[in-house]
Amino acid sequence: MTSLRKYVEEKNVCSLPWLLAEVQLHKHYLGPCCKYDENLGSLQNTELPIVWFGDKFKNFRQKMLDGVPLDGCKTCYISENVFSYKDKKNKDFSYMLDKIDVDAPSLPKIVHVGLTNICNLACRMCNPNQSSKLHQFINKSSNLKSFYPVFYADNKVDPKNLKGSFAETEIVTFMGGEPMIDESCL
């Protein structure tokens with residue numbers, strides 16, 4: 001077993017691709033975190049474990065181990081003297097690092113599930129993928145559109161596609177939208 005801790009401490013690798021599944025049901029997105037701006041899979045016609053152990057995630061993790069800069073991770077490639085989301089998350093979840101074998105990944109230990117982005121608020125701590133109001137603001141500005149990638153689809157993914165995803169999960173977060181104004185939630 002090769003512990004993830006070794007790569008995090010010796011090569012400053014981000015731990016999230018082995019620990020966290022960021023699932024956005026409303027935009028058919030599956031990725032390693034909320035900052036990653038490329039899609040590694042969709043749960044529209046399959047279940048999370050199939051994508052998590054599939055070739056896209058496997059290749060992504062291998063590139064991370066090999067030190068290959070990844071375009072979708074550009075928000076975390078910043079100088080060491082500035083706040084780093086990657087460093088913060090590595091520290092926050094350091095207690096999990098010894099449980100992860102980089103050669104034989106397990107199911108995610110952390111799952112963030114975004115249900116919808118239907119919301120009439122534009123809270124400053126939110127983002128357009130979680131708030132349709134912010135999504136509208138972003139679409140009105142060409143500067144903001146280029147700064148903040150927005151992937152919004154629909155809310156047609158069946159949450160049953162999360163089946164089999166939580167056997168090893170320690171943390172689950174549900175987020176996104178305002179369910180009291182989304183008719184599909186009523």
Side-chain angles (χ1 to χ4, degrees), residues 4 8 13-44 46-54 56-57 60-61 64 72-73 75-76 83-100 105-135 138 148-182 184-186:
L4 181 56
V8 169
V13 167
C14 179
S15 61
L16 294 183
W18 288 267
L19 295 175
L20 189 143
E22 178 78 20
V23 180
Q24 299 294 328
L25 294 176
H26 61 285
K27 63 181 186 173
H28 311 298
Y29 171 87
L30 180 60
C33 74
C34 65
K35 303 290 186 196
Y36 188 71
D37 66 4
E38 294 177 14
N39 196 348
L40 292 178
S42 170
L43 301 184
Q44 191 165 19
T46 191
E47 295 172 358
L48 188 143
I50 293 169
V51 179
W52 182 258
F53 294 117
K56 274 188 160 183
F57 253 100
F60 174 80
R61 289 184 190 108
M64 181 97 31
C73 295
T75 58
C76 285
F83 173 80
S84 167
Y85 183 78
K86 173 188 74 168
D87 292 343
K88 178 176 181 353
K89 293 304 176 183
N90 281 346
K91 183 178 178 183
D92 289 349
F93 302 124
S94 66
Y95 69 95
M96 295 183 183
L97 299 179
D98 293 320
K99 300 176 188 178
I100 305 297
S106 59
L107 284 168
K109 303 289 185 219
I110 306 155
V111 179
H112 292 175
V113 182
L115 301 171
T116 179
N117 88 333
I118 306 300
C119 186
N120 58 350
L121 301 174
C123 302
R124 66 181 174 188
M125 73 285 212
C126 199
N127 69 65
N129 295 315
Q130 303 301 327
S131 165
S132 55
K133 182 62 86 176
L134 283 173
H135 178 77
I138 297 294
Y148 208 109
V150 177
F151 312 104
Y152 179 73
D154 54 33
N155 201 21
K156 302 292 185 214
V157 174
D158 189 345
K160 290 178 186 168
N161 289 350
L162 293 171
K163 176 180 143 190
S165 306
F166 302 107
E168 300 176 39
T169 302
E170 297 179 21
I171 301 168
V172 178
T173 305
F174 291 95
M175 59 197 166
E178 174 50 57
M180 299 309 281
I181 64 169
D182 184 357
S184 69
C185 295
L186 299 175

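- The heavy-atom pair separating Ser42 from His28 by the smallest distance is OG-CB, 3.4 Å.
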Using residues 46-53 as the side-chain source, report each donor-acceptor pair under 3.5 Å to any protein atom, sequence neighbours left out, with the distance given to one decimal.
| residue | atom | partner | partner atom | Å |
| --- | --- | --- | --- | --- |
| Trp52 | NE1 | Ser106 | O | 2.7 |

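- Here Asn90 contributes atom CG and Leu16 contributes atom CG; the two are 6.5 Å apart, rounded to the nearest 0.5 Å.
- Applying the salt bridge (charged side-chain N to carboxylate O under 4.0 Å, His left out) test to pairs two or more places apart or on separate chains, those with a residue in residues 168-177 are Lys99-Glu170, Lys109-Glu168.
- Counting heavy atoms from C-beta on, the side chains of Tyr85 and Cys33 come closer than 4.5 Å.
- Contact detail for Leu97 and Ser15: the closest heavy-atom pair is CD2-CB, 3.6 Å.
- Just one residue in the list Met64, Lys35, Arg61 forms a side chain to side chain contact (heavy atoms under 4.5 Å, CB included) with Cys14, and that residue is Met64.
- Listed here is the closest heavy atom pair of Cys123 and Leu134: O-CD1, 3.7 Å.
- Between Trp18 and Val8, the closest side-chain pair of non-hydrogen atoms is not below 4.5 Å.
- Applying the side-chain contact (heavy atoms from CB on, under 4.5 Å) criterion to Lys88, with sequence neighbours excluded, gives Phe83, Asp92.
- For Lys133, the side-chain contact (heavy atoms from CB on, under 4.5 Å) partners at least two apart in sequence or on another chain are Ala122, Ser131, Gln136, Phe137.
- Rounding to the nearest 0.5 Å gives a distance of 11.5 Å between OG of Ser84 and NZ of Lys89.
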Trace of the side chain to side chain contact (heavy atoms under 4.5 Å, CB included) decision for Ile171 with Met96: CA-CA 11 Å; Ile171 301 168; Met96 295 183 183; 4.1 Å; yes

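- Rounding to the nearest 0.5 angstrom, the gap separating the CG atom in Leu40 from the CD atom in Glu22 is 11.5 Å.
- Under the side-chain contact (heavy atoms from CB on, under 4.5 Å) criterion, Phe166 pairs with Val111, Leu162, Thr169, Val172, sequence neighbours left out.
- The side-chain heavy atoms of Pro17 and Tyr36, taken from C-beta on, include no pair separated by under 4.5 Å.
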